[in-house]
Amino acid sequence: MRRLIPPLAALLLITAGCAPPRTGTLGPAPAGPSPTSSAAAGPTGTPAPTPPAPGTPTTPATTGTPTTAAPTGPDGTLTVQLWFARSGKLVPTRRTLPATVATSRLALTELAAGPSPAESATGLTTLVPAGTQVTRIAGGVATLAPPAGFDAGGATTARLRRAQVVWTLTQFPTVRRVAFAPTDTATGRDDYADLLPPIVVTAPAVGDRVTSPITVTGTADVYEATVSVRVLDAAGQEIGTAFTTASCGSGCRGAYRLSVRYRPAAPGPGTIEVYEVSARDGSRINVVRIPVQLAAGR
């Protein structure tokens, strides 16, 4: 009988301690916007379960179209997390789409389709070509049949391309590692942890419609674990600010979560900036900017 791990317990295992980056640091794909925000694209589903711990019984090998169990929302949608690339690093975003049992195929199709125009404007891109398919899932390992030329572009580009696939597929509970045929060597998130930027923002996502207070989540490896956030209106004026500490920092990656309120503002475009304050001169460094749609502040 399969033993399921409660999502909360899995999250506590992920964020506990102060150790170098390791598999699962970011946890499962977000279920769309937090309770204080809503996606501009429409309704969202429920959180995908975290991958099972080593030793947990896994599904048997599949044939045909491999599937990964992921819950759907009451409206028949599924939210998946996609890992794109920017400046040689991995950056997450998400899609809420009609639900399907072939979630691995759905995720790879969206990954190959690339970022939306709004996401592209922030510098996001994809290196994953169309035709990348999962042929088998067994023992927590997804085996891929990459198209011809998958590893073109040099070692650095090929590694980032593989990292996009690995970080995207390992959000699903039946996949902990990924093998790229014809090799049998499987890799997991740990193998590409160095491709994460100092600050990762998992929510809100580009284009989300947010209301005050805004819940901001992600992971960071920053000085004294201090993560700062500010909200900018359409004119670039600061209308809200807050800070928190990640569960680990200064040499290790930890999770963070905070809420930031903003002063009343006219509904319309805005920006969430997540950043580190430089220990040298107090300037904002490692800045991540997320364009959003602000609801009227309160």
Side-chain angles (χ1 to χ4, degrees), residues 7-8 10-12 14-15 24-50 70-71 73 77-84 86 89-97 107 110 115-116 118-119 122-124 167-168 170-172 189 196-222 227-232 240-247 253-262 269-276 286-295 297:
L8 178 58
L11 180 61
L12 291 174
I14 290 166
T15 58
T25 300
L26 294 183
S34 66
T36 58
S37 65
S38 59
T44 61
T46 55
T50 48
T77 60
L78 172 71
T79 297
V80 295
Q81 189 176 69
L82 305 176
W83 287 84
F84 289 132
R86 180 170 61 206
K89 298 293 185 180
L90 293 168
V91 179
T93 188
R94 59 175 176 251
R95 294 283 185 275
T96 298
L97 303 159
E110 290 297 313
S116 67
E119 292 164 344
T122 69
L124 294 186
W167 275 77
T168 296
T170 52
Q171 72 185 280
F172 300 119
R189 290 190 168 192
L196 296 176
I199 296 175
V200 171
V201 180
T202 54
V206 173
D208 278 0
R209 182 178 181 274
V210 300
T211 58
S212 181
I214 303 167
T215 299
V216 182
T217 62
T219 67
D221 180 357
V222 294
V227 179
S228 298
V229 177
R230 64 177 189 154
V231 182
L232 308 178
T241 185
F243 70 92
T244 190
T245 54
S247 58
R253 182 168 294 273
Y256 67 85
R257 179 185 182 92
L258 78 160
S259 293
V260 54
R261 294 185 177 275
Y262 58 88
T271 304
I272 310 300
E273 281 193 354
V274 187
Y275 59 94
E276 174 186 3
N286 297 317
V287 180
V288 179
R289 296 180 177 87
I290 310 293
V292 295
Q293 291 294 316
L294 298 174

*Kindly indicate, with the supporting measurements, whether the criterion side chain to side chain contact (heavy atoms under 4.5 Å, CB included) is fulfilled by Tyr275 and Val222.*
CA-CA 9 Å; Tyr275 59 94; Val222 294; over 6 Å; no
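- When all heavy atoms of Ser212 and Arg261 are compared, the pair lying nearest together is OG-CA, 3.3 Å.
- Separating the CD atom in Gln81 from the CZ atom in Phe172 is a distance of 9.5 Å, to the nearest 0.5 Å.
- Residues Leu196 and Lys89 form no side-chain contact, since every pair of their non-hydrogen atoms from C-beta on lies 4.5 Å or further apart.
- Tyr256 contributes atom OH, which lies 6.5 Å from atom OG1 of Thr202 (distance to the nearest 0.5 angstrom).
- Between atom CG of residue Leu90 and atom CH2 of residue Trp83 there is a gap of 6.5 Å, rounded to the nearest 0.5 Å.
- At distances below 3.5 Å, not a single donor-acceptor pair connects side-chain atoms of Thr96 with backbone N or O atoms of Thr79.
- In this structure, the side-chain contact (heavy atoms from CB on, under 4.5 Å) partners of Val231, at least two apart in sequence or on a different chain, are Ile214, Ile239, Val260, Tyr262, Ile272, Leu294.
- By the side-chain contact (heavy atoms from CB on, under 4.5 Å) test, Pro115 is found to be paired with Phe84, Glu119, Ser120, Leu124, Thr126, residues two or more places apart in sequence or in another chain being considered.
- By the salt bridge (Lys or Arg N to Asp or Glu O under 4.0 Å) test, Arg289 pairs with Glu273, sequence neighbours left out.
- Judged by distance alone, the side chain of Glu110 and the main-chain N or O of Ala107 form no donor-acceptor pair under 3.5 Å.
- Two residues are said to be in side-chain contact when any heavy atoms from C-beta on lie closer than 4.5 Å; Asp208 and Arg94 meet this criterion.
- Contact between Ala295 and Arg209 at its shortest, heavy atoms only, is CB-NH2, 3.7 Å.
- The shortest non-hydrogen separation linking Ser247 to Gly254 is OG-CA, 3.2 Å.
- The shortest heavy-atom contact between Val274 and Val201 is CG2-CG2, 3.7 Å.
- One finds the CG atom of Leu258 at 9.0 Å from the OG atom of Ser228 (value rounded to the nearest 0.5 Å).
- Rounded to the nearest 0.5 Å, atoms OG1 (Thr77) and CZ (Arg95) are 14.5 Å apart.
- Arg86 CZ to Thr122 OG1: the interatomic distance, rounded to the nearest 0.5 Å, is 5.0 Å.
- A donor-acceptor contact under 3.5 angstrom links the side chains of Arg189 and Thr170, judged on distance only.
- Residues Pro204 and Val216 approach most closely at CD-CG2, 4.2 Å, considering heavy atoms.
- Closest non-hydrogen pair, Ala242 versus Ser259, comes out as CB-O, 4.0 Å.
- Side-chain atoms of Thr219 and Arg253 form a donor-acceptor pair, as typed in the model, at a separation below 3.5 Å.
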